[in-house]
Number of protein chains: 2
Amino acid sequence: MLVKNTFRKEIKEILIEAMLQGEIEPGIRISLPELAKKLEVSVTPIREALTQLTEIGIVTYIPNRGFFVTELTKNEASDIFEVITILECKAIEKAEYSNEQLIELRKINRAFEQTIEPTQKLKLDMEFHQKLIENYSNVYLKKIIEDIRTRIFMYEFHFMVTQPIQTSAEMHNHIIDALENGDRPKAKEILHANWSLSIQNILATYKSKDLCD
Amino acid sequence: MLVKNTFRKEIKEILIEAMLQGEIEPGIRISLPELAKKLEVSVTPIREALTQLTEIGIVTYIPNRGFFVTELTKNEASDIFEVITILECKAIEKAEYSNEQLIELRKINRAFEQTIEPTQKLKLDMEFHQKLIENYSNVYLKKIIEDIRTRIFMYEFHFMVTQPIQTSAEMHNHIIDALENGDRPKAKEILHANWSLSIQNILATYKSKDLCD
DNA sequence: ATATAGTATATCGTATACGATTTTACAAAG
DNA sequence: CTTTGTAAAATCGTATACGATATACTATAT
């Protein structure tokens, strides 16, 4: 089943994908024996993968109790929102955008706008953001963004946060417009609002579900 | 020997401290059997700690060969410089500074200015930066800064980078002045220059030692 | 009926074992 | 002397074992 690369690497990827698919939800404890059985490996590489994921915050470790998928507190929501916003704004400030890329961005956004299936929608939203900073050279910065983005999308999926999609797709279009016009400040401003919208929607859903403070 | 907490957590801390002390230097392979012997534990928690450290970039993993302390490439130097600068600038833009804190900052900086012992000097430089953003509430952002700062100081130690200390201490003082005067843009500008100085010194030392491109 | 204590079970965190891979050492050939 | 090939040793990555801890369940006391 698990071949090539270390199991640890593969398991990490599987876990992240499972979180993005809603198979593993925030708050739950990840059962090492169950996962080991499911993946047909021992708990050793699973533990190693999970300890890695604690480092980026998507998994929380509690001694003697195990690994839990991190729930989002209001404080942390604003914390990560702040970080992703300034870093992604820095990225679009400095990235290069060819015509091909802008066309590709519009294409993704059109698909995003037109899809109604929630999982697909989230995937396209994520894809848009990935494409947006694809050409930015700072690998380190992109990794941080990637980690945060994964978490945000996981929470959106978890709560089936339904963004006002026209608003979000419109924002994406305005970002692309601004980039096309070379108006980086404008693009940043809209991107800031776009992430703000995401986080606010998550927090609004929290309030209605009274889950986590 | 290792009691309380998980071994993994303690080992991670020990490893980071050893890197900051120059006992484990960039580029070397971390021998699991040797470390296990030295710390009187099995390799299991060591591996777990090391896999965590790969996630923040301070350790690099190569399949079947093991864990290495990450060497600094020129690209990565500018990558992490960019990230720490924007994040630390954001932190001082938003942090609160009491009189007590400004006094404490000056105190640390005075010690930094007056010390000649390289290890102690680096520690004080690090302490200054820690105190600088201590009151900023964004825990997530502070962790990212902490991780990067650890790496930078490790490289400074590794190359015994001797900053023009009067310049650096002066910059610190100007930052404090600006904060005292409520001039956050000014403080940010000087902080930016301060980190730029650090990174440039590291890169200059690289060039003279022709180690890593 | 509820609370507490004791026991059984499941899981966690680490140690040890073992096959796979890499590194090192040494011998043979050019 | 240098290069190549082979064997031995060391290490890596994962599986398994086991004592420690947490959780679940049962019995007893109030």
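In what follows, chains are A, B, ... by sequence order, proteins preceding strands, each numbered from 1. This structure is a prediction, so every number in the text was calculated from the model and none was measured.
Using the six-membered ring where Trp is involved, B:His172 and B:His129 have ring planes that are perpendicular, over 60° apart on the 30 and 60° scheme. Classification of the A:Phe81-A:His192 ring pair by plane angle, with boundaries at 30° and 60°, yields perpendicular.
Using modelled atom types, no side-chain atom of B:Gln21 and backbone atom of B:Glu23 make a donor-acceptor pair closer than 3.5 Å. Panel note: side chain B:Thr70, backbone B:Thr60; a donor-acceptor pair is recorded below 3.5 Å.
Take A:Arg106 and apply the salt bridge (charged side-chain N to carboxylate O under 4.0 Å, His left out) test, not counting sequence neighbours, and it matches A:Asp177, A:Glu180. Taking B:Glu48 as the reference, A:Arg47, B:Arg8 meet the salt bridge (charged side-chain N to carboxylate O under 4.0 Å, His left out) condition, with sequence neighbours excluded.
Annotation: B:Ile116, atom CD1; neighbour count of heavy atoms from other residues, nucleotides and ligands within 6.0 Å does not exceed 12. Residue B:Glu96 places its CD atom among 12 or fewer non-hydrogen atoms of other residues, nucleotides or ligands, all under 6.0 Å distant.
Atom CG of B:Asp125 and atom CD of B:Glu156 lie 6.5 Å apart (nearest 0.5 Å).
Scanning residues 43-54 of chain B for heavy-atom distances under 4.0 Å to DNA chain C yields B:Thr44, B:Pro45, B:Glu48. DNA chain C is contacted by A:Tyr61, A:Ile62, A:Pro63, A:Asn64, A:Arg65 of residues 56-65 of chain A, taking any non-hydrogen atom closer than 4.0 Å.
One can place CZ of A:Arg29 at 12 Å from C1' of D:dT21, the figure rounded to the nearest angstrom.
Put simply, chain A comes within 4.0 Å of DNA chain C, heavy atom to any atom, from C:dT11 to C:dT14, going 5' to 3'.
Residues B:Thr115 and B:Lys123 are not in side-chain contact: their nearest non-hydrogen atoms beyond the backbone lie 4.5 Å or more apart.
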Quick test: give all pairs of protein nitrogen or oxygen and nucleotides 5-10 of chain D nitrogen or oxygen below 3.5 Å, distance rounded to 0.1 Å.
none

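We find that B:Glu146 and B:Lys143 are not joined by a salt bridge, their nearest charged nitrogen and carboxylate oxygen being 4.0 Å or further apart.
Ring centroid separation for the pair A:Phe153 and A:His158 does not come in under the 6.0 Å cut-off.
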